[in-house]
Amino acid sequence: MSQSSVSEAHTPTTTRIHTLGERQVQDEERSTLAIFWRRFSAHRMATVGLLMMSAIVLYILIGSFLFTEEYANDLNLRHKWEAPSAEHPFGTDEVGRDVMARTIYGGQISLAISVLSVAVTTITGTALGLIAGYYGGWLDNIIMRVAEALLSIPLLFLLLVLSKFIGTQMPEVNVLGREISGSVVVIILVLGFTTWMGLARIVRSLVLSLKEREFVIAARAIGMSNARLVFRHILPNAMAPVIVATTLGISQVILIEANVSFLGLGVQPPTASWGNMIQRAMERIDTAQWLWFFPGALILLSVLSANFIGDGLRDALDPYSIK
Amino acid sequence: MLKYIAGRIIQAIPLLFIISVILFAIMNSIGDPLAIQLSQGRPPTGEERLRMRRRMGLDQPIYLQYIYWMIGNDWTYIDADGDGDTDENIRGPRKGVLRADLGRSLITKQFAQVRIMERLPNTLILMIPMYILAITMALVLGAISALRQYSALDNLLTTAAFVFYSMPIFFISLGMIFIFAIGLRNWGLPHTPIAGMFEPGEPKTLTNLIRHLILPASSLAIIYAAAYMRYVRSSILEAMNADYVRTAYAKGLAKRRIFAIHILKNAALPLVTIVGLDLPFVLGGAVITESIFAWPGMGLLFIESLTRSDYPVLMGILMLIAVAVVVLQLLTDLVYSLLDPRVALMGQTG
């Protein structure tokens, strides 16, 4: 899908220019950023997504002033499986921990994992795609074949195997004064290094067409170095699809992390994540609905908002109309 | 055409080689390969271990170990006593994955492929009806949505597709259990069972199986349908705006006929690709769904093997799915080039 739309971007058809003509005249007087913002905010779903995402981020940030992490991880066996009440708005879990406090700290972990692992993915995917597209030849062949091979191995299965044999034996790490399960670091790296393939393909096909464009050939003709050519002329022109892919990547990674943690192989307790909070919900499925509903709904809302934002970005950064 | 098919088959070979190297690397890094072959629970002594390592070929350089893993070492003489010379009459015991030796399960001592084949039918029973349901839903809803573009119904359907596409599979599964198994039971209505393929003690009838199939199959089907519906909608919209459709209207063909022949047929092409690429992953089993509903398929086998560190079965499942992906990708390309002759022609000129 994305590959085909990318290659189309460089052969704009006359009909397309014609229909966009009016819009382009309007856009000429504004800055790129202003155009982008006007397009993005006109996208109703994207605005909803941005609001939803801001609300979730506010919830997990403000929440950490209301509850301490010790409270979120505090066992209280006399109050386990308690239904939502004034004291515990989201109820308590199988060892009497407050579910609301755990959704707050779990949310910080889940969102941090997705942002950081997508950062790893973006760096690896962009770098490998650039190398493959720019240098071509046997290097391109190897990178793209490895990408294809990794795409043939089912991701969830692969992640489960890797996190089982690396993740569960990691010592705790100290981040900004908080003790966090070492499995978090493993999950970030494993996710980052197993999801770069799609992005690498997008970047490669962009680079392949960009490097034949006149401005790149001209830059090369005046003797510009490879590094300068790539970072000044090729990469900036390939940014828009990378940003879109990154946003949509965040939603995918939130889902995958939730699935892995739900199966007990992701983030290890006592550190909470939205996925591992639901791990034992099946035991009391006939009574304790609050146990899976609140973390599950937060996962759904954050995935949904990332998808909405990604969709809006795709329309706003449409390469046809940005000048 | 033949040239195109041959070209595609040749392309698949390096891909399979790289997949095998990746799986071999994972396999070598996650566990002691020796443990896989130890048949009894008794821990071996130091000398026994060394002997075994030599028999398995684990004292050899890594590229030889890879070759032994692929094609076995029963064709070569090995140095069983470790004196530096190969013994003339002792051959290795391994047959290699290419000759269907995936090693024995650490738990049941059966060959890994036997364990997998026991579970495969159960997964197919779940996944085939699920997938048919998902594609039907996607086609019908996607077509309705495209034909009524920008109507209230279209907005409702696309939003719903977005929501379900963003939904974690366990959320929808647990929600369905809450409504259709627990809710209906509490209200005294007929309700669905939660776990397994059959209730223990019940006769194994088809009705019983279908009752157990409803929840896992429909929760998976809704998620897949949501993802596919968006493709169906956009490819039908694209086909509706194509020149040949305008021509068909202009020459006065019946609307129904244009939709069935010109629009739907062309819009189905992209779906063929997506289905072909997804099918092996679908048939590989659904880890989450099968473990929630205790459905004894490949996904549940994978989780069981993972918790008990049963590497041969784990690697067997990964290998099976990876090979299925490559084969189905090949078949998809061939089917696609039959449906759309432009593809093969483009391959020849480019």
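Chain A is the first sequence line, chain B the second, and so forth, proteins listed ahead of strands; every chain is numbered from 1. None of these values were measured; they are calculated from a predicted model.
Residues V287(B) and F262(A) have side chains not in contact (no heavy-atom distance under 4.5 Å, counting atoms from C-beta outward). When side chains are defined from C-beta on, L314(B) does not count as touching F157(A), because their heavy atoms never get closer than 4.5 Å. Looking only at side-chain heavy atoms (C-beta outward), F170(B) and W292(A) stay at 4.5 Å or farther from each other.
Between chain B and the residues A281(A), A297(A), S251(A), S302(A), the largest count of heavy-atom pairs under 4.5 Å involves A297(A). With respect to chain A, the highest number of heavy-atom pairs below 4.5 Å among P14(B), G175(B), S173(B), G183(B) belongs to G175(B). Options V326(B), T273(B), I292(B), I303(B) differ in how many heavy-atom pairs under 4.5 Å they form with chain A, and the most are formed by I292(B).
Contact of L16(B) with chain A is not made at all, since no heavy-atom distance falls under 4.5 Å. Looking at F162(B), both its backbone and its side chain come within 4.5 Å of chain A, counting heavy atoms on both sides. Heavy atoms of D311(A) lying under 4.5 Å from chain B belong exclusively to its side chain. The part of I182(B) that comes within reach of chain A is its side chain, from C-beta onward, which places non-hydrogen atoms under 4.5 angstrom from that chain. For L174(B), the parts lying near chain A are the backbone and the side chain together; criterion is any non-hydrogen pair under 4.5 Å. Heavy atoms closer than 4.5 Å to chain A are found in the backbone of T307(B), but not in its side chain. With a 4.5 Å cut-off on non-hydrogen atoms, A306(A) does not touch chain B at all. Of the two parts of L277(B), neither the backbone nor the side chain holds a non-hydrogen atom closer than 4.5 Å to a non-hydrogen atom of chain A. For E148(A), the parts sitting under 4.5 Å from any heavy atom of chain B are the backbone and the side chain alike. With a 4.5 angstrom heavy-atom cutoff, I18(B) touches chain A via backbone and side-chain atoms both. Interface remark: L151(A) contributes backbone atoms only to the contact with chain B (heavy atom separation under 4.5 Å). Using a 4.5 Å cut-off between heavy atoms, L160(A) contacts chain B through both its backbone and its side chain. Within the 4.5 angstrom heavy-atom criterion, only side-chain atoms of L255(A), from C-beta onward, approach chain B.
Separation of atoms CZ (F281(B)) and CG (L156(A)) is listed at 11.0 Å; rounding is to 0.5 Å. Distance check, rounded to the nearest 0.5 Å: CD1 of I26(B) to CG of L162(A) gives 5.5 Å. Atom CE of residue M167(B) and atom CD1 of residue I299(A) lie 11.0 Å apart, to the nearest 0.5 angstrom. Interatomic distance, L150(A) CG to I22(B) CD1, rounded to the nearest 0.5 Å: 4.0 Å.
Within 6.0 Å of CZ in F178(B) there are 12 or fewer heavy atoms belonging to other residues, nucleotides or ligands. More than 12 heavy atoms of other residues, nucleotides or ligands lie within 6.0 Å of OH in Y131(B), so this atom counts as buried by the packing criterion. More than 12 heavy atoms of other residues, nucleotides or ligands sit less than 6.0 Å from atom CD of Q149(B).
Taking all atoms of both residues into account, the shortest heavy-atom contact from V161(A) to L306(B) is CA-CD1, 4.1 Å. Closest of all the heavy-atom pairs between I153(A) and A322(B) is CG1-CB, 4.4 Å. Between P168(B) and G296(A) the shortest heavy-atom distance is CG-O, 4.5 Å. Here the shortest heavy-atom pairing between A149(A) and I19(B) reads CB-CG1, 3.5 Å.
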